[in-house]
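Just below is one structure, and these are the notes that go with it.
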2 protein chains.
Amino acid sequence: MTRTSHQQPGKRHQQPAKRATILDVAAAAGVSRQTVTRAMNNMAGISAATRERVQGIAAELGYSPSRFAKGLVQGARVSVGLAIPDLTNPYFPAFASSVVEAATQRSWNVVVDDYGHGTATALDAVERLAPQVDALIGYLGSHAAQAQSLMGRRPLVSLDYPAGQAAGRISFDYHHAARLALDYLVHSGRTRIAFLDSDQGGPAASRGTAVAAVADQLGITLIRRAAGPSAPAARAAVLDLVTGQDAPDALLVFNDLMAAGALKALQEAGLSVPRDCAVIGMDGIPLGELTSPELTTLSLDLRSVGRAAVGLVEGLLSGGVAAGTEQSALVLRHELVHRESA
Amino acid sequence: MTRTSHQQPGKRHQQPAKRATILDVAAAAGVSRQTVTRAMNNMAGISAATRERVQGIAAELGYSPSRFAKGLVQGARVSVGLAIPDLTNPYFPAFASSVVEAATQRSWNVVVDDYGHGTATALDAVERLAPQVDALIGYLGSHAAQAQSLMGRRPLVSLDYPAGQAAGRISFDYHHAARLALDYLVHSGRTRIAFLDSDQGGPAASRGTAVAAVADQLGITLIRRAAGPSAPAARAAVLDLVTGQDAPDALLVFNDLMAAGALKALQEAGLSVPRDCAVIGMDGIPLGELTSPELTTLSLDLRSVGRAAVGLVEGLLSGGVAAGTEQSALVLRHELVHRESA
DNA sequence: TACTGCATCGTGAACGTTCACGGAGTTGTT
DNA sequence: AACAACTCCGTGAACGTTCACGATGCAGTA
């Protein structure tokens, strides 16, 4: 009358089928735990005959070892959380892809949480992720500090938000990016330059302020406009902007997705790009090569961003780089990729 | 002289900092394990004073509970693996997003593996994922059977590959899709219809054979062509196709990403879409609204695909639906979304 | 025979947490 | 004074696996 061998009768429809344990396999095979372990993990010290027999019985019982028990005794394999706002914005999968690649190389796991659905915030994602992972990478904006406290001493790499006491930080030199774009536009003879910002405040705001500051330095009176960070929202905003009086002859846009929407709007308004209005996007996602005209953009090497983030986590995890120091705060730069739209 | 309270001196640079355990916190606070548990999990039966004191000490020691020990005793929270070929193809993040959303609603975790890098195959991803998850969802193609054996009795939902003995299967009615597209093209007066296939064989081949079969039924002589499943590859192939003699006046394309490449090629060749050549894509990703002309496509409700996959996993996990039965094999249908390109 | 070596297998302990229970102290009621 | 009820806290046991070590049997060797 063993504990596992029968169900209480007449309970639910069909129980989640209490998983077979190593002891069940051992009993069924008439051997000990350790022998089952040896068989399952292809260890030495077991005859080929019993190995196959045990493996057969294990398969028959549908046994698969508990990752918890295994992790508990062996010391975990690293698993890193990835918190991103919106998988449907092509920027984030492009970034996620590079994180997954870098993580896979180290045989780490990546647990993804997308907090874009409903009214969820970055903090919700971190709360879900924190108990499950050894480290966290994410676009957390102003929640970075609270996120770090949820993670305790475990590494947290916060992107695009230079403030906050995250252990690791990766941010972007928006002054540099803005200078590249505005310099180019001015030298192309553009005089009425507009910046289409995202209306999500927080970390994003740094793009707007950087562009404004550089414009100031260059003596440009910048036309500013904001919209939701999606293509349709950008489309509507730009349509409104260019059909008004004093329409811009150049458009610098918060990100490539919105820039694609802007292209649509300009086309809809009967304007020719880049003749009537130049457009420069930001971030350099592959989408930019598929629009027409193809998108000139401030490009980021996204694969290097993912690599950097994972590398930072590795450094923090091993103690090689200390949290909150200069070593743990990376600043990456955009470069201007010339295509057709400017 | 407790075991955890000091490091062996003069070892590595700075050890991975043997994580503090609940006993360390208990000792430091002068209380028992259970009291620490009560403090950390905000349980009843503890005074506010000690709770805060213990929490403070825990934070100070950088203590965070082991997810393994917790999972072992509490019975795991479900975590499901997601194996996809390529996060940089916009189809997959769109799908992944819906899986993550459906999983989050059930407070499940999603562990993502992208096997597109290097020469990895779906099986590599499954091997990495299998020991870490309770269920698996993925585009596995012909590896579905081996994947199921790696997963043992745990639920496996295989997409877009109707054969194979995966516990759950979601496939698409490509005959229906092909009929929708070809019917429409024929009724629009198109006479030289081409199908641009992916050159990755396997499961994908079913699209090609379905289109060919329906074309046969309709008495159409189909022009067939294949290219790598990326925009640039499609672009090159289409450029070659339309500049040859007997150029098609309609193009049905394996997926939307390739269709976007096809649009580029047609534009490059000086052809007007849809006047000179109609283009119909497949899968209905958001990208289709950003090309110009906007892409007419055989659209799939991607959110419902993710929901279906997660729902299937839930059914299999609870025993509500039996593996390998009709109940566990879903077939979804595309619908034709008319935009500008056809 | 006795001992050594090897191949095969089994047994206690440990990993870090929660659960179920039990004990001590305080307050209130009769 | 006695008992109950409640608050707060601690102790064994259990979760499922691997690790370190010991036990057994058999072949070969002195």
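Below, each value reflects all heavy atoms present in this structure, side chains not excepted, and no hydrogens, waters or symmetry copies. Sequence lines set the chain letters: A, B, ... in the order given, protein chains first and strands last, and positions in each chain run from 1.
The base of dC19(D) lies close enough to the side chain of Q34(A) for a donor and an acceptor atom to sit less than 3.5 Å apart. Taking only distance into account, the side chain of R38(B) meets the base of dG10(D) through a donor-acceptor pair shorter than 3.5 Å.
One interatomic measurement links the two molecules: CG of N42(B) to C1' of dT18(C), which rounds to 16 Å at whole-angstrom precision. Per the geometry, CG belonging to L23(A) stands 7 Å off P belonging to dT17(D), to the nearest Å. With rounding to whole Å, R53(A) atom CZ is found 9 Å from dC9(C) atom P. In this entry the distance linking CZ of R33(B) with P of dC19(C) reads 13 Å, nearest Å. Put simply, CD1 on I46(B) is 9 Å from C1' on dC9(D), counting in whole angstrom units. Spacing between atom CG of L72(B) and atom P of dT18(D) amounts to 12 Å, rounded to whole angstrom units. Atom CZ of R19(B) is separated from atom P of dG16(C) by 9 Å (rounded to the nearest Å). The separation between M43(B) atom CE and dC9(D) atom P is 13 Å, rounded to whole Å.
Inter-residue side-chain proximity for Q132(B) and R77(A) is flagged as met; some heavy-atom pair is nearer than 4.5 Å. Using a 4.5 Å heavy-atom cutoff, the side chains of T104(A) and R128(B) are in contact. Proximity of R154(B) to S64(A): side-chain heavy atoms (C-beta onward) are separated by under 4.5 Å at one or more points. Contact check for V305(B) versus L159(B): side-chain heavy atoms found under the 4.5 Å cut-off.
Contact check, T50(A) against dC9(C): a side-chain N or O comes under 4.0 Å of OP1 or OP2. A sub-4.0 Å separation between OP1 or OP2 of dG10(D) and a side-chain N or O of S32(B) is present. At dT17(D), one or more side-chain N or O atoms of T21(A) fall inside 4.0 Å of OP1 or OP2 (strictly under the cut-off). Residue S47(A) places no side-chain N or O under 4.0 Å from the OP1 or OP2 atom of dT8(C). Look at T35(A) and you'll find a side-chain N or O under 4.0 angstrom from OP1 or OP2 of dG10(C).
Closest approach to the V31(B) side chain among dT17(D), dG10(D), dC15(D) is made by dG10(D) (side chain taken as heavy atoms from C-beta onward).
Under 4.0 Å is where a charged nitrogen must lie from a carboxylate oxygen, and between R67(A) and D134(B) at least one such pair does.
Residues N41(A) and R51(B) each lie close to DNA chain D; by heavy-atom proximity, the contact nearer the 5' end of the strand is made by R51(B).
Backbone-only engagement by S66(A) is indicated by non-hydrogen atom pairs under 4.0 Å involving sugar-phosphate atoms exclusively.
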